[in-house]
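Notes for the one structure printed next.
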Amino acid sequence: MDERLLKPYDPKKTESKIYKLWEKSGFFSPDVCMEKGIVKPDAESFSVVLPPPNVTGYLHTGHALMLVIEDIMIRHARMKGLKTLWLPGTDHAAIATQSKVEKLLEKEGIRKNDIGREKFLKRVEKYALDSHDTIVNQAKIMGASLDWSREAFTLDEKRNIAVKTAFKRMYDDGLIYRGNRMVNWDPKGQTVISDDEIVYEERKSKFYTFKYGPFEISTARPETKFGDKYVVMHPDDKKYKGWKHLQKIKLEWINGPIEATVIKDEMIDMEFGTGVMTITPWHSHEDFALAEKYKLEKEQIIDKYGRLLPIAGEFAGMKISEAREKIVEKLKTKGLLVSIDENYVNRVATAERSGGMIEPQIMLQWFVDVNKKIPSRDNKSLKELMLEPVREGKIKIIPSHFEKVYFNWIENLRDWCISRQIWYGHRIPVWYRKDEIYCGIEEPAEKDWVQDEDTLDTWFSSGLWTFSTLGWPEKTKDLETYHPTSVLETGHDILFFWIARMILMSQYLLGEIPFKNVYLHGMVRAADGKKMSKSLGDKAIDPLDIIEKYGNDALRLAMIIGNTPGNDLKLNENDIRGYKKFANKIWNASRFVFEQTKDLDISTLPSLDEEDKASDKELQNLVTEISKEMNEFRFSIVAEKLYHYFWHTFADIVIERSKAKILKNQNASSAKALLFTHLRTLLIVLHPFMPFVTEEIWSIFPNHKNLLIVESWPKYK
RNA sequence: GCGCGGUUAGCUCAGUUGGUAGAGCAACCCGUUUACACCGGGAAGGUCGGGGGUUCAAGUCCCUCACCGCGCACCA
């Protein structure tokens, strides 16, 4: 009897040892599996790219869930003999990482502008590297069977070439353009952000109504009203039928008399407020659109630091927050204030990362045109290229109801603003010389060219992830073998940010889909249902603490059983404790089997009696069932069935029955053979779910040829 | 406002094409029979959110209402 079996199963002693064994074997790499004859050269491939964790610290329970689900898929595929690649990497996460480091520097009393771009970037890179090391180390503790030999980083040299190549192609095709357009300016982070990076917060604010000539207008933002010289009403509004479109009126406003123009447009909601509003085209998406429609003048009121410009007269230079009440006071003195609603609730746009209040501005930025027809892609637009594969079922989203959400997002999609005024990230590959502009992979050779100061939205490089990691733009063997990837598994919160952008990039640059299946997992919540936030650094449950306490296999089962795609998971310590017992149950059952079968000649197993044949058949049926369910990604149900079968059929029935047979020496050989084959099969099918305890038992298994990680998945009908 | 998801045993949740409800944990009773007390045996527990419909048959399909959660849009 192996000494290890004399004590209860000890995950702590076992897990790191087992992971090292796997790493040493090289089986995480499909190339090694082929060299060693475990995978046939003509085998089908199964590939997954790891959604690269941000290098902003450490892994949380959400990452753990992702690693568990993907590791299960990968281990299963590998055991089925597929050419299996799980490719790791990390994401530089431009804004997220930069603002994290800025906050750290703040504590030292340093601002990034004090030390300059170069020095600051050094600090960020150091931080990113440390985070990377922590993350890789954690992923290993979690048992992820990733092919580390192919590891990538969204901001490394190879990925930079991919980014520049992608940018240039899109630029040459007219899909990337530079223009003055309405963008979301974050005065706190001092950068533009995309529509998707906005978080809306409900806030109670004052809602003022003022006299505006013969009209009354309402606003929550009096400080933007200096330049308002257009007053808009609905053409069908009977209250204002006396006024004509483009009619001029003179009126007294904040800083004296002005001339305003009446605009009649159907965008107005007659029922809201007084049914009349003035517009501020420079600082509102909707007003901008209206101004474009009627070719109205646009004036900037607020600068990029959130201060009022000279147009504000005596208020110029003031911060918005400071100016607001003073402006209201002045209007009141002039007798133009009608009322103040103190209980008005509106949604305030804030920046996801910095928390700053978004100030829409017209700015010169870089955009991706999502509506332009692309000749090289059958005159389809990027929008169409994103819609098509999902609509046609080439890309399957699990659970399928997210397809509707996806379509809805694309239909409302505006051009994607990709330039950012931050330092950390891929620099825009564009150079300027007076009025000339040059876009290229390399810096122009001649003198006097100055590169664009801005960097790219981090999702631009993430969008290339399925193929930039496989060597694109080079035509590599990896790219040919593993792209499109089999599954993209990630949280549903980045459906738009990432999944949509990957489809965009792959469809446009490669003319093929990036992945065949999208498996969306839910958010991991604490037992009380509260969100375990990733960006706030809230370590409600640290996956590593759980592993320390209960072992990896237990955590895995707790994350899989009862967790279906798209639904949130409440992580409950009781469950984890229960699955720790299960790992021990497997351990003890194995001890019994090994004890009872040590005299068994496993080269010629004895035949089974009728009763045992029936049990054997039952297991075969189970294997058939779960094999099908594995292929449909129904991991929750498979894990539950295996748990139940092992405990309540194998342990409670098969083992118990064998005791009597062996004791009485009636059909003892049949019972022993059944114990042996049952345990063997169960260890194999349990392995993707509980890799550590099964691999450890496998190492004690008589006559095992290789590691369990590369053992063949049992045949099924 | 538009859309999506949820509502099943005390708790957490499964339940694939419709065929008279399942698991884990908790609680209850019995048991220390040498793989395992990180255990075994037994019993209990649900008119599947409300209402209506289709069907021989509905947790499962359709309509409707309520509550919870989420996404998107608007907010002068």
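Convention: sequence-line order gives letters A, B, ...; per-chain numbering from 1.
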Rounding to an integer number of angstrom, what distance separates G24(B) and G40(B) when you compare their P atoms? 11 Å
Check the angle between the aromatic planes of W498(A) and W459(A) and answer parallel, tilted or perpendicular using the 30° and 60° thresholds. tilted
Whichever of H648(A) and K585(A) has its nearest RNA chain B nucleotide further upstream toward 5': H648(A)
With sugar-phosphate meaning primed atoms plus P, OP1 and OP2, does L495(A) contact a base, only sugar-phosphate, or nothing at under 4.0 Å between heavy atoms? nothing
Out of C39(B), G24(B), A35(B), which nucleotide sits closest to the side chain of D575(A)? G24(B)
Nearest to the side chain of Y344(A) - U16(B), A23(B), C75(B)? C75(B)
With salt bridge (Lys or Arg N to Asp or Glu O under 4.0 Å) as the test, would you mind laying out the steps for R221(A) and E359(A) before giving the verdict? CA-CA 12 Å; R221(A) 303 203 55 193; E359(A) 192 63 66; 3.0 Å; yes
In terms of the angle between their ring planes, are Y212(A) and W253(A) parallel, tilted or perpendicular, with boundaries placed at 30° and 60°? perpendicular
What is the distance, rounded to the nearest whole Å, between atom CG of N567(A) and atom P of C13(B)? 9 Å
Proximity to the side chain of F272(A) - top-ranked nucleotide from C36(B), C39(B), C75(B): C75(B)
Give R591(A) one of three labels, base, sugar-phosphate or nothing, depending on what nucleic acid heavy atoms sit under 4.0 Å from its own. sugar-phosphate
Work out how far the P atom of G59(B) is from that of G18(B), and round it to whole angstrom. 13 Å
Heavy atoms under 4.0 Å, any strand shown: does I279(A) hit a base, just sugar-phosphate, or nothing? nothing
Checking all strands, does T219(A) fall into the base, sugar-phosphate, or nothing category for heavy-atom contacts under 4.0 angstrom? sugar-phosphate
Please pick, from C36(B), C38(B), C13(B), the nucleotide with the shortest atom-to-atom distance to any side-chain atom of K570(A). C13(B)
For Y550(A) and E573(A), test the side chains for any donor-to-acceptor distance below 3.5 angstrom and give the result as yes or no. yes
Does the ring centre of F701(A) sit less than 6.0 Å away from the ring centre of F676(A)? yes
Parallel, tilted or perpendicular: which fits the ring planes of H648(A) and H644(A), with parallel below 30° and perpendicular above 60°? tilted
Let's see if you can work this out: which of C25(B), C39(B), C38(B) has an atom nearest to the side-chain heavy atoms of W647(A)? C39(B)
Between protein and nucleotides 2-4 of chain B, what N or O pairs are separated by less than 3.5 Å?
from  : atom 1 : to      : atom 2 : distance (Å)
C4(B) : OP1    : K404(A) : NZ     : 2.9
C4(B) : O2'    : H401(A) : ND1    : 3.0

What interatomic distance, in whole Å, is found between C1' of U17(B) and the corresponding atom of G69(B)? 29 Å
Considering just the side-chain nitrogens and oxygens of T564(A), establish if one lies under 4.0 Å of OP1 or OP2 belonging to A14(B). yes
Which ones in residues 223-247 of chain A lie close to RNA chain B, meaning a heavy atom under 4.0 Å from one of its atoms? none
Any chance you could lay out the side-chain contact (heavy atoms from CB on, under 4.5 Å) test for M73(A) and F635(A), step after step, and finish with the verdict? CA-CA 9 Å; M73(A) 292 181 190; F635(A) 307 123; 3.5 Å; yes
Pairwise 5' ranking along RNA chain B for A589(A) and I198(A), keeping only the more 5' one: A589(A)
Does the cation-pi check pass for K264(A) over Y240(A), that is, NZ or CZ under 6.0 Å from the six-membered ring centre and within 45° of its axis? no
Please report the C-alpha distance between R181(A) and E292(A) in whole Å, then the side-chain angles of each, then the deciding distance to 0.1 Å, and finally whether the salt bridge (Lys or Arg N to Asp or Glu O under 4.0 Å) criterion is met. CA-CA 11 Å; R181(A) 299 208 12 172; E292(A) 289 283 283; over 6 Å; no
By the 4.0 Å heavy-atom rule, please label Y643(A) as base, sugar-phosphate, or nothing. sugar-phosphate
Specify the separation, in whole Å, of atom CG of N563(A) and atom P of C13(B). 10 Å
Can E299(A) and F226(A) be said to form a side-chain contact (heavy atoms from CB on, under 4.5 Å), step by step? CA-CA 9 Å; E299(A) 271 178 286; F226(A) 293 100; over 6 Å; no
Let me have RNA chain B in dot-bracket notation, would you? Count Watson-Crick plus G-U wobble pairs, both distances under 3.5 Å, and use [ ] for pairs crossing earlier ones and | for inter-strand partners. (((((((..((((........))))..((((.......))))......(((((.......))))))))))))....
Side chain of Y579(A), heavy atoms from C-beta onward: which of C72(B), A14(B), G24(B) has the nearest atom to it? G24(B)
Students often get this wrong, so: under 4.0 angstrom with heavy atoms, is D269(A) touching a base, only sugar-phosphate, or nothing? base
What interatomic distance, in whole Å, is found between C1' of G15(B) and the corresponding atom of G6(B)? 15 Å
Looking at F407(A), is R391(A) sitting on its ring face, NZ or CZ under 6.0 Å from the six-membered ring centre and within 45 degrees of the normal? yes
K229(A) and E259(A): salt bridge (Lys or Arg N to Asp or Glu O under 4.0 Å), yes or no, with the steps? CA-CA 7 Å; K229(A) 48 188 182 184; E259(A) 187 184 68; over 6 Å; no
Expressed in whole Å, how much space separates the C1' atoms belonging to U8(B) and U20(B)? 16 Å
Taking the six-membered ring for Trp, are F496(A) and W409(A) parallel (under 30°), tilted (30 to 60°) or perpendicular (over 60°)? parallel
Using atom CD of E632(A) as one end and atom C1' of G15(B) as the other, report the distance to the nearest whole Å. 15 Å
Taking the minimum atom-to-atom distance to the side chain of K581(A), which one of C38(B), C75(B), G15(B) wins? C38(B)
Applying a 4.0 Å non-hydrogen cut-off, can you work out what A651(A) is touching in the nucleic acid: base, sugar-phosphate, or nothing? base
Between S194(A) (side chain) and C417(A) (backbone), is there a donor-acceptor pair under 3.5 Å? no
Checking side-chain polar atoms at under 3.5 Å, does D265(A) have a donor or acceptor matched by the opposite partner on Y294(A)? yes
Take atom CZ of R577(A) and atom P of C25(B), then tell me their distance rounded to the nearest Å. 11 Å
Euclidean distance for C1', A44(B) against G5(B) (whole angstrom): 33 Å
Atom pair distance, as rounded to whole Å: CG in D652(A) and C1' in A35(B): 12 Å
Would you kindly give the CG-to-P distance between D568(A) and C70(B), to the nearest whole Å? 9 Å
What integer distance in Å separates D195(A):CG from C74(B):P? 9 Å
A35(B) and A21(B), which share atom name P, separated by this distance in whole Å: 38 Å
Distance in angstrom units between K659(A) NZ and G41(B) C1', rounded: 13 Å
Sticking with atom C1', work out how far G71(B) lies from G53(B), rounded to a whole angstrom. 31 Å
P8(A) side-chain proximity, nearest of C38(B), C75(B), G24(B): C38(B)
